[in-house]
Amino acid sequence: LRMILMGPPGAGKGTQAPKIKDKFCICHLATGDMLRSQVAKKTALGRAAKKIMDEGGLVSDEIMVGMIKNELDNNAECKNGYFGHSYSRNTFVLFFLTISFYSFILDGFPRTVPQADRLDSMLENRGEKLDHVVQLEIDDALLVARITGRLVHPASGRSYHRIFNPPKESMKDDVTGEPLIQRSDDNAETLKKRLVTYHQQTKPVVEYYKGKKVWKGIDASQEPGVVWRQLLGIFGETN
Ligand code: AP5
Ligand code: ZN
């Protein structure tokens, strides 16, 4: 399965993607999470990225494409393998054939048309295609409450919401018990800028895919379980 989950900040990409990952055993590549891990490690890229993220801008296409390509090529979770062999009677030579194909869910990438173009050619070079591009559709007005109430577990990327999805124990991750934090870009002011960036740079990507058969939009304003059922419908599954 190769799919892209798209949508504005707070639409629910990071909430739904891990469920798809668990169901189909594919890798979940969230470019925002990857950048935040660079920020946490205080690398040069992390320091540069933090400034851009806190201003609601976008990190360069070159860096982001490199990051995705590196993951697709080296992260074993992103590859499904097939091993076969053929035997030629005439030459008594045994051929071993190894085919591996990408299998992934992208969250936060591609965010610009050049990123989408580069992804297309990466896949084309391997004779592969996207199966689904799913757009989480939601009005901007609903996103402020989602973003300002979000709590995250930095190490895993798991997210909660103070009201809509509270952790079992206040400010603690359900799985590890470690503290939850608020993202530094999760405030009303930065959100406004993130939304401007989204409409200017990422909406054209939606148009880019919209004409293609793989594109589907779903109503992301509903509660998470309802959104999940709509997603299952796209995969032709019921539970
Ligand atoms: P990124 O981390 O990708 O942020 P984003 O796109 O702004 O998306 P969010 O993570 O805010 O939203 P989400 O859709 O995942 O929402 P979630 O499920 O958590 O990127 C951050 C920054 O990195 C960018 O601004 C940019 O600077 C940079 N960057 C990243 N990728 C890049 C790229 N490719 N190129 C250039 N720069 C890049 O849900 C939000 C909250 O709502 C949670 O609290 C959740 O519990 C709650 N919630 C979820 N679903 C529901 C529901 N159905 N009902 C009620 N509450 C819900
Ligand atoms: Zn996210």
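Bear in mind the structure is a predicted one, so any value in this text is a computation, not a measurement. Both ligands and their constituent atoms are indexed starting at 1 by order of listing.
Thr112 pairs with exactly one of Thr202, Thr197, Asp61 by the side-chain hydrogen bond (donor to acceptor under 3.5 Å, both in side chains) rule, that one being Asp61. Of the residues listed (Asp54, Asp186, Asp140), the one engaging Arg194 in a salt bridge (charged side-chain N to carboxylate O under 4.0 Å, His left out) is Asp186, and it is the only one.
Side chain of Arg111 to backbone of Gly108: a donor-acceptor contact under 3.5 angstrom is found.
The cationic group of Lys213 does not satisfy the cation-pi geometry with Tyr209, failing either the under 6.0 Å distance to the six-membered ring centre or the 45° limit from the ring axis.
How far NZ of Lys193 is from OG1 of Thr190: 5.5 Å, rounded to the nearest 0.5 Å. Note: Phe104 CZ to Ile68 CD1 = 8.5 Å, rounded to the nearest 0.5 Å.
Near ligand 1, heavy-atom contacts under 4.0 Å come from Pro8, Pro9, Gly10, Ala11, Gly12, Lys13, Gly14, Thr15, Thr31, Gly32, Leu35, Arg36, Met53, Gly57, Leu58, Val59, Met64, Gly108, Phe109, Arg111, Gln115, Arg146, Ile147, Arg150, Ser159, Tyr160, His161, Phe164, Arg183, Arg194, Gln222, Glu223, Pro224.
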